[in-house]
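A short worksheet on the structure shown next.
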4 protein chains.
Amino acid sequence: MSLREQKLQKKKEDIIRSAATILQEKGLHGTTMEEIAAQLLMTKGSLYHYFKNKEDLLFQCHKIILDISNEKITEILESNQSSIHKMESVIRSHIHLSTEENVIFSLIDKPESTFSGQNIEKVVSQRSYYANCIDKILQEGVNNGSFKNINIKLSRLMILGSLNWIQQWYQPGGANTSEDISDYFVQKLVQTLTD
Amino acid sequence: MSLREQKLQKKKEDIIRSAATILQEKGLHGTTMEEIAAQLLMTKGSLYHYFKNKEDLLFQCHKIILDISNEKITEILESNQSSIHKMESVIRSHIHLSTEENVIFSLIDKPESTFSGQNIEKVVSQRSYYANCIDKILQEGVNNGSFKNINIKLSRLMILGSLNWIQQWYQPGGANTSEDISDYFVQKLVQTLTD
Amino acid sequence: MSLREQKLQKKKEDIIRSAATILQEKGLHGTTMEEIAAQLLMTKGSLYHYFKNKEDLLFQCHKIILDISNEKITEILESNQSSIHKMESVIRSHIHLSTEENVIFSLIDKPESTFSGQNIEKVVSQRSYYANCIDKILQEGVNNGSFKNINIKLSRLMILGSLNWIQQWYQPGGANTSEDISDYFVQKLVQTLTD
Amino acid sequence: MSLREQKLQKKKEDIIRSAATILQEKGLHGTTMEEIAAQLLMTKGSLYHYFKNKEDLLFQCHKIILDISNEKITEILESNQSSIHKMESVIRSHIHLSTEENVIFSLIDKPESTFSGQNIEKVVSQRSYYANCIDKILQEGVNNGSFKNINIKLSRLMILGSLNWIQQWYQPGGANTSEDISDYFVQKLVQTLTD
DNA sequence: GATGAATGAGGGTTCATTCAT
DNA sequence: CATGAATGAACCCTCATTCAT
């Protein structure tokens, strides 16, 4: 990658990071290109040098988030930890990303009504990958006896629900630190798997 | 209430029910008054006979949901069941409302950026009431020894997270029936409270 | 006229009187049929029993005002007073109507852009009649030597301007009573005619 | 001021000048943003680059008019002419502005029901300034014996009424030139002050 | 590359008017 | 006669997108 391309890439990531924050706060339709530009001290028109259109920008936001998340979970899945440890790591990582790295997992609930063409499939496939990884860990645990009496799909949905919801109420500097939450959620959620 | 007023009220509720569905799917800014009207075979302008403006309609949607939910939970709180039974009832009721009655709990994440004036306070206060009821049940359980080693606030948030998330993935007629989900969630979530 | 027709006529006049007040305050486009109805404790739809449409209502307002004014000025023109006395009477009458009887002379500045069809001509012709009467009085005064060195048209426009403007600033119960204004305007305006 | 800012300012003034004409003819509520835009060969949306909303545009129209008028009258007030000469100048200037420069004095009769927030006060204060200047000239004339037996406030209202009304009937190219009107109004109106 | 001007489609809202009851 | 529901056209305003400079 040439120096120029590197700078371009760097700029794109800055924009994405900034945009993601606003998009999370105000939602897709509640956020204007002007607001995104303003926060970056750019003009509206300049955004179009970096992204084809609003959907493209949103898609890139989504992609970067899912890239990071999937990289993390892959690493965990392929590690040598016990199944229980893997689930703990997944939970901690998920909470860390959403509270500390401002990674937004629930930017868009319904890819179908937001994206068009290939973007839909890409997003859906990246999401499925994340879900699949969790399911694999759970299945692994069932196989080796760590997890008992569970419905894999429902447990995954229950866990992800409580994790994704955190961003609705988490306040940096609030009564509960990210650490506190992690400890508590890890303990309680793993408990639902181990019987 | 006169016959006319009854019909008015009935119509309002029809609109609210219909609007809530679309609002849930597409979000506040993603839903147009025209779409809401079209689904009811009305014209856009007619909606304004029943609601002052879009915010008013959204507020009424919210209110009706919270009225129902709060009525239900009050009933449970004041019943003679054991603490464990009460939590089970709350979970079952919450899931029932969101999957069967199409009651949407997470219409708006940030009342402050959606509502104006008094509406903000009303919504916030109704939400707090619901949260408070759950906290009371949890506290009761702690006091009488049913629940152990729990952080009331974090447990409440964890449980509500997994419950509210259900609407993101629940499909009527899908693999898991509302009943299945209830049974599983009741068992697993109560388990996190009883140690 | 039958009793029924009399009642109808009476009702129409009530509406007109009430409507004229609001129309003066808020202007044609600033006043809604609903507001007019509300002030009369009627519903919007009922107005359409009495008037074909908004323009019709506005036209009737205009007509009633001009009927009264023209009746008054005809009376003065045909009286046996001196020319000076006649002008004094016209000024007093005009001020009286606009301050006491709430008769609005300047409801519509440009009949052409407000009315359609025959209504335009009717309004224009009634206005011309009023102007003509004043011109006749002025001409009479010139002929009999009461008024000197005047341009009839310009004097008429000057006088009517200062009179019609009164409604822009007159406040019942304010510093200047209707009487005060009349006395002062009569004195000063007649002075411009008599040299 | 940069070249760019100059062009912006120039464009704004063009719009204001054009809008003022239509606003005078049709009134605030009778004029649409589309009409204003069309006359300038723009599209509706483009107007919003220059003005925040319709009220803002109207306010700027008003402001530019009152700025000009107040500058003129201040100049006259502070000049070395006699009181009589000053009043003559005021009248001539007022007529000149309204007939030749298309400056509209009576765009809005009731600032309170048209403007909101600070705009109300700004307009009211600018209007008061103009009225005050006239009152000062009249008072000056009373003090030095040029004007006799006058009620300053009522004389000011009478004069301004006849002057503001001119725009209701003046037709460029009509029977009376702006000059004719000025000469006649100066003579007759000053006469009402000097006894 | 960056900017600001311009556009045009679309959304929320108002309101005169109609009409069934 | 009166009412209130319903309509649809028109209006203000926003905003994603384009483009000349």
Side-chain angles (χ1 to χ4, degrees), chain A residues 4 7-8 11 28-37 40-58, chain B residues 2-5 7-8 11-12 28-37 40-58, chain C residues 4 7-8 11 28-37 40-58, chain D residues 2-5 7-8 11-12 28-37 40-58:
Chain A
R4 160 159 299 170
K7 283 179 80 172
L8 183 75
K11 186 89 187 182
L28 170 61
H29 293 282
T31 308
T32 70
M33 292 296 270
E34 190 126 29
E35 283 171 321
I36 294 171
L40 287 151
L41 303 178
M42 304 169 111
T43 58
K44 208 170 24 166
S46 299
L47 283 181
Y48 286 86
H49 276 285
Y50 300 99
F51 301 95
K52 222 173 73 237
N53 52 34
K54 201 181 177 184
E55 182 189 328
D56 185 28
L57 174 53
L58 186 66
Chain B
S2 74
L3 180 62
R4 166 155 294 160
E5 278 167 337
K7 280 178 82 172
L8 184 77
K11 185 90 188 185
K12 275 194 182 185
L28 170 61
H29 293 285
T31 309
T32 72
M33 292 297 269
E34 191 129 30
E35 283 171 323
I36 295 172
L40 289 151
L41 303 179
M42 303 171 118
T43 59
K44 206 169 32 160
S46 300
L47 286 180
Y48 288 85
H49 271 283
Y50 300 97
F51 302 94
K52 226 175 66 239
N53 51 34
K54 201 181 175 184
E55 181 189 331
D56 186 28
L57 173 52
L58 186 65
Chain C
R4 160 160 298 172
K7 283 179 83 172
L8 183 75
K11 186 91 186 181
L28 170 59
H29 293 282
T31 308
T32 70
M33 294 296 270
E34 189 126 30
E35 284 172 322
I36 294 171
L40 287 151
L41 303 178
M42 302 171 112
T43 58
K44 205 166 35 164
S46 300
L47 283 180
Y48 286 85
H49 276 284
Y50 300 99
F51 301 95
K52 219 171 75 239
N53 51 32
K54 201 179 178 186
E55 181 189 330
D56 185 28
L57 172 54
L58 185 66
Chain D
S2 74
L3 180 62
R4 167 155 292 158
E5 278 169 336
K7 281 178 83 171
L8 183 77
K11 186 88 186 188
K12 275 194 181 185
L28 171 60
H29 293 284
T31 308
T32 73
M33 291 299 267
E34 191 129 30
E35 283 171 324
I36 294 172
L40 288 151
L41 302 178
M42 301 170 118
T43 59
K44 211 173 23 166
S46 300
L47 284 181
Y48 288 86
H49 270 283
Y50 300 97
F51 301 95
K52 225 174 68 237
N53 51 34
K54 200 180 176 185
E55 181 189 329
D56 185 29
L57 173 53
L58 186 65

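Residue numbers start from 1 in every chain, and the chains themselves are labelled A, B, ... in the order their sequence lines are given, proteins ahead of strands.
For the residue pair Ala37(D) and Lys44(D), the shortest heavy atom distance occurs at CB-N, 3.7 Å. The minimum heavy-atom distance between Lys54(B) and His29(B), with the atom names listed, is NZ-CA, 4.4 Å. The two atoms that bring Phe51(D) and Asp56(D) nearest to each other are CA-OD2, 3.6 Å, heavy atoms only.
The CE-P distance, from Met42(B) to dA5(F), rounds to 10 Å in whole Å. As rounded to whole Å, 9 Å separates atom P of dG12(E) from atom CD of Glu35(B). If you measure from atom CG of Asn53(D) to atom C1' of dG12(E), you get 15 Å, rounded to the nearest angstrom. Between Leu8(D) atom CG and dT3(E) atom P the separation is 17 Å, expressed in whole Å. Rounded to an integer number of Å, the gap from His29(D) NE2 to dC12(F) P is 10 Å. Rounding to whole angstrom units, CG of residue Leu40(D) and C1' of dA5(E) are separated by 15 Å. Rounding to whole angstrom units, CZ of residue Phe51(B) and P of dG12(E) are separated by 15 Å. When the P atom of dC15(E) is taken as reference, atom CG of Leu47(B) falls 17 Å away, rounded to whole Å.
An OP1 or OP2 oxygen of dT21(F) is reached within less than 4.0 angstrom by no side-chain nitrogen or oxygen of Arg4(D). The shortest distance between the side-chain N/O atoms of Lys7(C) and the OP1/OP2 oxygens of dC1(F) is not below 4.0 Å. Residue Ser46(D) places at least one side-chain N or O closer than 4.0 Å to OP1 or OP2 of dT7(E). Side-chain N/O atoms of Lys52(A) include none lying less than 4.0 angstrom from OP1 or OP2 on dA16(F).
For the pair Met33(B) and Lys11(D), nearest-nucleotide mapping onto DNA chain E gives the more 5' position to Lys11(D). Both Leu41(B) and Thr32(D) sit near DNA chain F, but only Leu41(B) has its closest nucleotide nearer the 5' end. DNA chain F is contacted by both His49(C) and Gly45(B); His49(C) maps to the nucleotide lying nearer its 5′ end (nearest heavy atom per residue).
Among the nucleotides dT17(F), dG11(E), dT3(F), the one closest to any side-chain atom of Lys54(A) is dT17(F). For Thr43(D), the listed nucleotide lying nearest its side chain is dT7(E); candidates were dT3(F), dT7(E), dG4(E). Residue Tyr48(C) has its side chain nearest to dT17(E) when only dA16(F), dT17(E), dC15(E) are considered. Closest approach to the Tyr50(A) side chain among dA6(F), dG1(E), dA5(E) is made by dG1(E) (side chain taken as heavy atoms from C-beta onward).
The base of dT7(E) does not come close enough to the side chain of Lys44(D) for any donor and acceptor atom to sit less than 3.5 Å apart.
Across all strands shown, dT14(E) forms a Watson-Crick or G-U wobble pair, both distances under 3.5 Å, with dA9(F). The nucleotide dA20(E) finds its pairing partner in dT3(F), both defining distances of the Watson-Crick or G-U wobble pair being shorter than 3.5 Å.
Lys11(A) places a side-chain heavy atom less than 4.5 Å from the side chain of Met42(A). Proximity of Leu57(D) to Tyr50(D): side-chain heavy atoms (C-beta onward) are nowhere separated by under 4.5 Å. Looking at Leu58(A) and Glu55(A), their side chains never come closer than 4.5 Å, going by heavy atoms from C-beta outward.
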